[in-house]
Amino acid sequence: MPSMKPARTRFAPSPTGALHCGVVRTALYAWLLAKQSGGQFLLRIEDTDQKREVVGGLENIKETLRWLGLNWDEGPDVGGPYAPYVQSERLAIYKKYAQELLDKGQAYADPYSIEELEALRDKAKAEKRPFLFRDHRPENPPVWDGSQPLRIKLEPKAWSWQDGVMGEVKLGPEMIDDFIIIKADGFPTYNFCHIIDDHLMQITHVTRSQEFISSIPKFLATHEVLGWESPVNLTMPQVMDETGRAKLSKRKGAKPVLDYRDRGFLPEAMLDFMATIGWNDGTEQESFTVDELIQKFSLERVHRSGGIFNEQRLLWLNGLHIRRLSLDDLYGRAASFWPPEASKHDDAYKKSVLALVQERLKYLAELPALTTFFFDDLPINPSLWQDNKQLKKYDAAQLKVWLEQSRASLAESDFSTDDLTRRLNDLLEQTGQKPGVLFSLIRIATTQAPASPGLAETLAVLGKDIALRRVDAMLHQLA
RNA sequence: GGCCCCUUCGUCUAGUGGUCCAGGACGUCAGGUUCUCAUCCUGAAGAUCGCGGGUUCGACUCCCGCAGGGGUCACCA
């Protein structure tokens with residue numbers, strides 16, 4: 001376990017849509033860093049682009065993190081020493097620093113219209129040279145009245161830095177330009193305000209997704225101009241979609257994390273899955289609890305290459321975590337996933353059903369498909385025995401004989417699993433049949449389902465009345 | 001196009017010069033666990049370690065080049 005000074009990390013999403021696994025994985029790594037070092041994890045909302053803001057975006061962020069258990073020590077709702085933690089409520093702070101830069105001659109008003117800028121950019125493109133705003137710095141910038149964008153004046157300079165994940169990265173002076181720090185609408189840009197906030201909020205490690213890596217020189221230069229030390233930059237590899245051809249993004253159809261909750265994925269499985277796209281502990285351990293992640297996670301073992309979001313593996317991990325749960329725990333989590341028919345039944349019954357399907361569930365939304373026959377009689381489906389590879393060799397009269405024999409024995413049973421098992425075995429001898437034939441017949445008769453848990457266990461849970469009633473219905477059908 | 005990052009079985013990966021004609025896991029296939037589904041167990045197929053040079057007695061591991069993929073070049077974050 002890496003010992004380090006308490007790290008203050010943050011997750012700083014913008015409320016522009018539902019959180020997906022790509023961005024949440026970056027949040028998870030930041031959270032793990034804070035937890036394992038005894039530091040703090042902050043949530044900060046970067047809502048400086050009013051146009052892109054989405055209704056419910058903030059709620060989705062909070063709900064996603066809460067569901068996953070990525071609790072924030074400071075941030076919206078919980079407050080903290082550096083409140084507010086919503087950027088739209090911190091405008092005065094950014095303006096203050098912008099004014100300071102302006103006063104020092106480190107910032108200037110941008111006199112160009114959007115159209116003029118575009119023309120300059122097009123021209124540069126046509127001439128196949130990079131567009132740099134600094135080549136067009138106005139000689140006598142207008143007095144900044146807040147209606148023009150304000151640009152920071154940055155001297156071109158090559159930067160190299162030690163990235164906590166990527167190692168040493170070097171980028172040339174062409175990556176630095178006079179970027180806008182305050183937009184014409186009065187809001188600051190991400191490039192500017194996140195630096196101020198990270199500094200004021202004493203963030204020690206900044207996790208960012210890979211698309212920001214070429215912006216880091218700008219961030220470094222801005223720190224320098226402000227006279228601040230940069231926090232440690234941690235650039236995380238990308239999470240790619242199933243095609244492997246693009247990073248996970250909302251536009252490309254990445255599913256919201258909460259969709260997985262709604263399908264009955266477990267938060268600990270999601271965390272396990274996300275953590276292990278791009279990180280492993282170097283042993284052959286394939287699955288981790290949250291505590292193990294906190295203990296074992298290390299930056300040194302985070303990959304630099306991107307990883308594909310493989311839902312197949314998530315499914316496997318989720319099944320694994322479901323099986324690890326105690327029955328009571330699972331029962332609590334499954335509450336909203338039962339089929340409607342189950343509402344007529346009591347907790348004890350539902351729990352005994354759940355015990356039988358626990359090892360069969362990959363996700364909780366499968367519950368109805370696996371259990372409906374426990375709660376209500378399914379319509380009799382002749383194809384179940386007519387197409388069954390063991391049973392289709394026999395005619396209805398023969399099946400009826402065996403089923404009647406079975407009914408007679410079951411009628412004597414106390415329906416304990418032990419007694420049922422014994423009787424079922426006796427019936428094999430009496431009828432001279434293989435389990436493949438007789439058990440299939442009884443299973444189909446009593447469930448009318450294409451699949452079910454073990455026969456004796458299933459019968460024991462169903463109970464005598466229901467089991468015999470269904471056998472009778474099937475016998476009637478075979479007549 | 002410039003710049004940056006990446007490149008081991010389909011996928012997630014182990015691997016930091018010899019123990020690797022490459023190990024594990026998911027997935028797939030086959031068999032076993034008194035029926036089905038699932039679990040569990042066993043086994044199989046699956047990677048000439050992107051390509052080409054070099055360094056070295058020896059390279060997946062080091063160096064160079066190339067190719068491919070991803071990212072980025074906004075009054076978006």
Side-chain angles (χ1 to χ4, degrees), chain A residues 12-14 16 23 46-49 51-52 110 112-114 117-118 121 125 128-132 148-151 163 166-167 169-172 174-175 177 179-191 193-194 208-216 235 237-238 240 242 244-247 273 276-280 282-287 303-317 319 323 356-362 369-370 384 388-391 421 424-425 428 433-444 447 449-456 458:
Chain A
S14 51
T16 52
V23 316
E46 309 219 319
D47 57 343
T48 55
D49 186 352
K51 296 180 293 294
R52 290 208 312 156
D110 175 352
Y112 299 102
S113 68
I114 289 173
L117 255 183
E118 203 154 311
R121 258 193 272 269
K125 199 174 175 185
K128 293 198 187 298
R129 55 178 174 80
F131 171 80
L132 287 168
Q148 319 96 319
L150 190 68
R151 283 186 188 263
D163 188 286
M166 293 295 167
V169 185
K170 300 177 190 178
L171 287 168
E174 69 282 359
M175 303 317 292
D177 196 12
F179 66 88
I180 289 174
I181 59 175
I182 304 284
K183 297 180 274 186
D185 65 3
F187 279 74
T189 57
Y190 160 83
N191 290 150
C193 62
H194 93 278
R208 293 191 199 86
S209 175
Q210 215 183 30
E211 64 255 32
F212 289 106
I213 195 164
S214 44
S215 298
I216 291 182
T235 299
Q238 227 121 42
M240 312 297 282
E242 287 91 335
R245 305 197 67 87
K247 65 170 180 168
F273 174 63
T276 51
I277 304 176
W279 172 85
N280 72 81
T283 72
E284 288 183 353
Q285 186 169 347
E286 302 286 347
S287 168
H303 293 189
R304 297 181 187 182
S305 55
I308 290 178
F309 183 96
N310 182 200
E311 198 168 288
Q312 208 57 252
R313 192 181 132 78
L314 170 60
L315 238 24
W316 168 70
L317 278 174
R323 277 171 255 134
L356 295 188
V357 297
Q358 179 164 15
E359 70 185 29
R360 278 158 246 264
L361 287 166
K362 292 262 186 281
L370 262 30
L384 284 176
N388 182 286
K389 90 173 174 301
Q390 301 277 5
L391 300 180
T421 304
L424 257 12
N425 284 334
L428 290 178
Q433 281 309 307
K434 300 263 186 212
V437 174
L438 191 69
F439 289 4
S440 293
L441 178 63
I442 301 172
R443 189 176 57 74
I444 288 167
T447 65
S452 76
L455 184 53
T458 299

Query raised in the report: In terms of side-chain heavy atoms of Ile308(A), which of U11(B), U34(B), A38(B) is nearest?
Result: U11(B)

Report task. Please state whether the phosphate of U13(B), meaning OP1 or OP2, lies under 4.0 angstrom from any side-chain nitrogen or oxygen of His303(A). Result -> yes

**Report entry** Donor-acceptor pair present, Asn388(A) side chain and U36(B) base, under 3.5 Å
**Finding:** no

Report task. With the side chain counted from C-beta on, respond yes when Ser209(A) and Val23(A) share a heavy-atom pair under 4.5 Å apart, and no when they do not. Result -> no

Report task. Please state whether the base of C6(B) and the side chain of Arg304(A) form at least one donor-acceptor pair under 3.5 Å? Result -> no

Report summary line: With sequence neighbours left out, the residues meeting side-chain contact (heavy atoms from CB on, under 4.5 Å) with Glu359(A) are Arg323(A)

Query raised in the report: If you look at every strand shown and take non-hydrogen atoms under 4.0 Å, does Ile444(A) touch a base, only sugar-phosphate, or nothing?
Result: nothing

Requested in this report: Summarise protein proximity over nucleotides 69-77 of chain B in one line of letters, 5' to 3': B for base, S for sugar-phosphate only, - for none, counting protein heavy atoms closer than 4.0 Å.
Outcome: SSSS-SBBB

Requested in this report: Give Leu455(A) one of three labels, base, sugar-phosphate or nothing, depending on what nucleic acid heavy atoms sit under 4.0 Å from its own.
Outcome: base

Query raised in the report: Rounding to the closest angstrom, what is the interatomic distance between U39(B) and G1(B) at atom P?
Result: 48 Å

Query - Any Asn280(A) side-chain N or O less than 4.0 Å from OP1/OP2 of A14(B) - result: yes

Identify all pairs in which a protein N or O lies below 3.5 Å from an N or O of nucleotides 24-30 of chain B, and state each distance.
unit_1	atom_1	unit_2	atom_2	d
G24(B)	O4'	Glu284(A)	OE2	3.3
G24(B)	N2	Glu286(A)	OE2	3.4
G24(B)	N3	Glu286(A)	OE2	3.4
A25(B)	O4'	Glu286(A)	OE2	2.8

Requested in this report: For Thr421(A), report the nucleic acid contact type (base, sugar-phosphate, nothing); a contact means any heavy atom under 4.0 Å.
Outcome: base

Query - Euclidean distance, atom NZ of residue Lys434(A) to atom C1' of U34(B) [Å, nearest integer] - result: 10 Å

Report task. Taking the side chain as every heavy atom from C-beta outward, state whether Lys125(A) and Phe131(A) have any atom pair closer than 4.5 Å. Result -> no

Report task. Give Asp177(A) one of three labels, base, sugar-phosphate or nothing, depending on what nucleic acid heavy atoms sit under 4.0 Å from its own. Result -> nothing

